[in-house]
Engineer: 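Could you have a look at this structure, given as structure tokens, before my questions?
Residue numbers start at 1 and run along the sequence shown.
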Amino acid sequence: MLPGLEKTPFSKWAALSIFLIALGVYGSLSGVLPLSWIWFAVGGGGAIWCQFNFETLKCSLARMKPGSWKFIILALVLSYVTTTIAMIFGQFVLGIHFTANANGNFSGPMLGRIVDLLEVTFSLVGEELITAAVAFPLYHLASKKLPAQWAWVVASVVSSLLFGLMHFKIYHGNLYQCLVVIGLTRLPFNYAWRKADSLWAGIIAHIIYDWIIFVPAMLTG
């Protein structure tokens, strides 16, 4: 996946990806557009296609390498550990009050809760795509100046921080929660992408991570 990004030139439509990423963020988080759960996927997938080509999008969602489950499990553990540390430090050292994730609020009939969970799950696929839509062009550019490993570190950190900032309104301007708790603690998902050579590793890890929280909330409502 990544070696292909180093060699694949930007397409003539690459600039359009900025609009598509913005559309994905606005549609998913503003509450204005209908079907908010689809927009991250639409914007992120469309942006990657415009930045490079459809083959790049297809390859990024290809089958994972054999043995990739160990990277998914490692990503889950690392994300939980770093999130816990970040929240403890923020609350007890910095005195920060955190805003709860609204996606964890389930009510009404069970069928409706299941539908809500499925919509949230699809939106998590979109979150990985929208993050990749930022990381991929950054990696492409950075790899021209830096060794591949460091180019990926730069692209992964910057895209994670920007992903966190996308949630600025939802978390009421709490920069620590956006940049650290939401942003940097998703770095293990990016790590899983690279090791598995597929976005599916990060997608699966992200879904399991959130389901551990959301499924009990859905059942107890």
Side-chain angles (χ1 to χ4, degrees), residues 1-30 33 35-68 71-72 75 121-167 182-184 186-207:
M1 181 174 69
L2 293 182
L5 287 175
E6 294 174 25
K7 302 172 184 176
T8 304
F10 285 128
S11 81
K12 64 180 180 180
W13 303 105
L16 181 60
S17 67
I18 298 173
F19 167 77
L20 290 170
I21 291 171
L23 176 64
V25 174
Y26 182 78
S28 294
L29 303 178
S30 69
L33 298 182
L35 304 176
S36 61
W37 50 278
I38 72 168
W39 290 105
F40 269 148
V42 170
I48 294 170
W49 189 345
C50 288
Q51 288 160 357
F52 300 100
N53 50 51
F54 180 73
E55 189 64 24
T56 299
L57 176 61
K58 181 181 174 181
C59 287
S60 71
L61 292 169
R63 181 180 298 181
M64 299 183 293
K65 289 180 179 178
S68 293
F71 302 120
I72 293 173
T121 300
F122 188 83
S123 75
L124 297 177
V125 176
E127 288 189 3
E128 296 304 300
L129 283 167
I130 205 82
T131 306
V134 177
F136 285 1
L138 289 176
Y139 175 77
H140 175 81
L141 293 171
S143 66
K144 298 182 182 303
K145 300 292 185 180
L146 299 171
Q149 183 174 355
W150 284 108
W152 176 246
V153 169
V154 169
S156 191
V157 170
V158 173
S159 62
S160 294
L161 291 172
L162 290 175
F163 174 79
L165 282 177
M166 293 175 191
H167 296 77
I182 303 300
L184 292 179
R186 64 149 291 116
L187 282 171
F189 300 151
N190 295 15
Y191 166 82
W193 294 353
R194 181 170 187 180
K195 299 302 288 186
D197 202 29
S198 172
L199 294 182
W200 282 112
I203 290 169
I204 292 169
H206 200 161
I207 289 172

Engineer: So, using side-chain contact (heavy atoms from CB on, under 4.5 Å) as the criterion, who are the partners of A148 when residues are at least two apart?
Structural biologist: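 Expected list: E6, Y139.
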
Engineer: Taking only residues at least two apart or on different chains, which pairs with a member in residues 8-26 satisfy salt bridge (charged side-chain N to carboxylate O under 4.0 Å, His left out)?
Structural biologist: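 Found none.
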
Engineer: Can you name the side chain to side chain donor-acceptor pair (under 3.5 Å) partners of H206, sequence neighbours left out?
Structural biologist: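 With sequence neighbours excluded, H206 shows a side chain to side chain donor-acceptor pair (under 3.5 Å) to E127, E128, given in chain and number order.
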
Engineer: Say whether T8 and N53, considering side chains only, have a donor N or O and an acceptor N or O under 3.5 Å apart.
Structural biologist: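 There is no such pair between these side chains.
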
Engineer: Of all heavy-atom pairs between I48 and A132, which one has the smallest distance, and what is that distance?
Structural biologist: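 Heavy-atom minimum between the residues: CD1-CB, 3.9 Å.
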
Engineer: Side-chain contact test, heavy atoms from C-beta onward, threshold under 4.5 Å: evaluate it for L33 versus L23 and give yes or no.
Structural biologist: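 A side-chain contact exists here, since the closest heavy-atom pair is under 4.5 Å.
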
Engineer: Looking only at the aromatic ring of each residue, does the gap between the centers of F52 and F10 stay below 6.0 angstrom?
Structural biologist: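 Yes, the ring centres sit under 6.0 Å apart.
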
Engineer: Does L146 reach the side chain of V154, with side-chain heavy atoms less than 4.5 Å apart?
Structural biologist: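 Result yes, sub-4.5 Å side-chain heavy-atom pair found.
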
Engineer: Who passes ring pair (Phe, Tyr, Trp, His ring centres under 6.0 Å) against W37, sequence neighbours left out?
Structural biologist: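 Only F122 meet the ring pair (Phe, Tyr, Trp, His ring centres under 6.0 Å) criterion with W37.
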
Engineer: Taking only residues two or more places apart in sequence or in another chain, which ones pass side chain to side chain donor-acceptor pair (under 3.5 Å) with T121?
Structural biologist: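 T121 satisfies side chain to side chain donor-acceptor pair (under 3.5 Å) with W211 only.
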
Engineer: Which pairs count as side-chain hydrogen bond (donor to acceptor under 3.5 Å, both in side chains) when at least one residue sits in residues 38-48, sequence neighbours excluded?
Structural biologist: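 Output for this query is empty, none listed.
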
Engineer: Can you list the residues that meet the ring pair (Phe, Tyr, Trp, His ring centres under 6.0 Å) rule with F163, with sequence neighbours excluded?
Structural biologist: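 In terms of ring pair (Phe, Tyr, Trp, His ring centres under 6.0 Å), with neighbours along the sequence ignored, F163 is linked to H167.
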
Engineer: State the CD1-NZ distance between I72 and K195, to the nearest 0.5 angstrom.
Structural biologist: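 Reported value, rounded in 0.5 Å steps: 13.5 Å.
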
Engineer: So which heavy atom on N190 is nearest to which on S160, and how close?
Structural biologist: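 Closest approach of N190 to S160: ND2-OG, 3.3 Å.
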
Engineer: So for atom CG, which belongs to L141, do other residues, nucleotides or ligands contribute more than 12 heavy atoms lying within a distance under 6.0 Å?
Structural biologist: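 Counting neighbours around CG of L141, more than 12 heavy atoms of other residues, nucleotides or ligands fall under 6.0 Å, so yes.
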
Engineer: Using the test ring pair (Phe, Tyr, Trp, His ring centres under 6.0 Å), find all partners of F19 that sit at least two apart in sequence or belong to another chain.
Structural biologist: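 Counting only residues at least two positions away or on another chain, F19 forms no ring pair (Phe, Tyr, Trp, His ring centres under 6.0 Å).
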
Engineer: What salt bridge (charged side-chain N to carboxylate O under 4.0 Å, His left out) pairs are there with at least one residue in residues 56-67, not counting sequence neighbours?
Structural biologist: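 Matches after skipping sequence neighbours: none remain.
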
Engineer: Within the 4.5 Å heavy-atom criterion, are I21 and Q51 side-chain neighbours or not?
Structural biologist: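 I21 reaches Q51 side chain to side chain.
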
Engineer: What class does the angle between the rings of W152 and W193 fall in, given that below 30° is parallel, 30 to 60° is tilted and above 60° is perpendicular?
Structural biologist: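 Judged by the thresholds at 30° and 60°, the geometry between W152 and W193 is tilted.
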
Engineer: Would you please name every residue forming a side-chain contact (heavy atoms from CB on, under 4.5 Å) with A196, sequence neighbours left out?
Structural biologist: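 A196: side-chain contact (heavy atoms from CB on, under 4.5 Å) contacts with M64, S68, A201.
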
Engineer: Could you check whether any side-chain heavy atom of L61 comes within less than 4.5 Å of a side-chain heavy atom of I203, counting everything from C-beta outward?
Structural biologist: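 L61 vs I203: side chains touch.
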
Engineer: Output all residues satisfying side chain to side chain donor-acceptor pair (under 3.5 Å) with S159, sequence neighbours left out; order by chain, then residue number.
Structural biologist: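 With sequence neighbours excluded, S159 shows a side chain to side chain donor-acceptor pair (under 3.5 Å) to no residue whatsoever.
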
Engineer: Do any pairs count as a salt bridge (charged side-chain N to carboxylate O under 4.0 Å, His left out) and have a residue in residues 138-152, sequence neighbours left out, and if so which ones?
Structural biologist: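 Pairs touching residues 138-152 that pass the test: none.
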
